[in-house]
Amino acid sequence: GRDIVAPQTGEAASHAFSQWERTGQHGVSFQTRTWGNPTTTTANTQGMSLEIAGSSSTRIAARINGEKIEVALGELLQHARAGYTAGYRSPAYRFSRAATQAEYAWQGSFTHQARSARRDWYTVRVRQKNGQMAWGSPIWVGD
């Protein structure tokens, strides 16, 4: 949707154009409205991420602006797929490269060792190989 720098009170709903719903055990409907990007560095795009259980031959079918698009999960494990719904300068879509669970999930543990009578704290920060980062709020630990 449009990039709103300072929405006025009560105005937020008028700028929320996306909605989604499950359409059965293996389906989801995602509807949104977008506009062309105002600059090459400002994206007016909408999207969603899905966790899909399947094999490399699992096919993902989508209908985007009336055009039916199908792509194999195995293809998305190798690279992204993008295209236009009606030729260059028409609405575009992109299926990002799929990640295996080993690429997006991590689990670890450590044992807290108090260094003083005061509370200790920990933060969790992760960085993916592609440079994207995420972090958690501090976790306070006291003995």
Side-chain angles (χ1 to χ4, degrees), residues 1-114 118-143:
R2 294 188 189 268
D3 188 17
I4 305 301
V5 176
Q8 302 300 311
T9 303
E11 190 180 44
S14 66
H15 299 291
F17 304 113
S18 300
Q19 61 186 8
W20 71 274
E21 66 178 309
R22 289 210 53 157
T23 57
Q25 184 178 0
H26 301 291
V28 64
S29 172
F30 174 63
Q31 296 177 347
T32 191
R33 213 174 1 166
T34 60
W35 292 264
N37 296 334
T39 71
T40 57
T41 60
T42 305
N44 275 343
T45 58
Q46 298 292 321
M48 67 185 310
S49 295
L50 301 171
E51 185 171 1
I52 299 172
S55 68
S56 61
S57 61
T58 298
R59 307 229 19 108
I60 299 167
R63 184 167 304 281
I64 302 171
N65 286 1
E67 181 180 340
K68 186 175 180 183
I69 296 136
E70 265 194 46
V71 60
L73 188 54
E75 178 183 338
L76 294 178
L77 286 167
Q78 300 300 314
H79 54 80
R81 155 95 75 88
Y84 296 97
T85 58
Y88 182 69
R89 294 188 52 90
S90 70
Y93 62 87
R94 182 174 197 263
F95 291 89
S96 295
R97 187 186 74 78
T100 64
Q101 189 173 26
E103 292 176 301
Y104 71 80
W106 179 83
Q107 182 176 340
S109 65
F110 67 93
T111 303
H112 168 70
Q113 296 179 1
R118 297 183 347 189
R119 284 192 309 182
D120 290 322
W121 57 275
Y122 298 92
T123 59
V124 176
R125 183 171 62 181
V126 295
R127 190 181 91 181
Q128 297 179 164
K129 288 181 179 179
N130 66 1
Q132 292 187 1
M133 297 183 73
W135 51 91
S137 297
I139 301 166
W140 299 94
V141 180
D143 289 330

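The figures here come from the full heavy-atom set of this structure, side chains too, leaving out hydrogens, waters and symmetry mates. These numbers were taken from a predicted model, which means no experiment stands behind them.
- A pairwise comparison of heavy atoms in M133 and R127 identifies CG-CG, 3.6 Å as the closest pair.
- The shortest non-hydrogen separation linking R94 to S96 is NH1-OG, 3.1 Å.
- Contacts of E51 classified as salt bridge (Lys or Arg N to Asp or Glu O under 4.0 Å), with partners at least two apart in sequence or in another chain: none.
- Shown here is Q101, whose CD atom has no more than 12 heavy atoms of other residues, nucleotides or ligands within 6.0 Å.
- Nearest heavy atom pair, residue W121 against residue P138, reads CE3-CB, 4.4 Å.
- Atoms CD1 and CD1, from I52 and I60 in turn, are 3.5 Å apart once rounded to the nearest 0.5 Å.
- R125 places none of its side-chain heavy atoms less than 4.5 Å from the side chain of T123.
- At a threshold of 4.5 Å between non-hydrogen side-chain atoms, the residues H112 and Y122 count as touching.
- How far CD of E103 is from CG of L77: 8.0 Å, rounded to the nearest 0.5 Å.
- Of the inter-residue distances, the one linking F30 atom CZ with E21 atom CD reads 12.5 Å to the nearest 0.5 angstrom.
- S90 places a side-chain N or O within donor-acceptor distance of the main-chain N or O of A86, the cut-off being under 3.5 Å.
- Minimum heavy-atom separation, G66 to R63: O-NH1, 3.2 Å.
- Across all their heavy atoms, S56 and A72 have their closest contact at O-CB, 3.9 Å.
- Between Y93 and Y84 the shortest heavy-atom distance is CE2-N, 3.9 Å.
- Atom CH2 of W135 is surrounded by 12 or fewer heavy atoms from other residues, nucleotides or ligands within 6.0 Å.
- At least one donor-acceptor pair under 3.5 Å links the side chain of T85 to the backbone N or O of P91.
- In this structure a side-chain-to-backbone donor-acceptor pair under 3.5 Å is missing from Q78 to E75.
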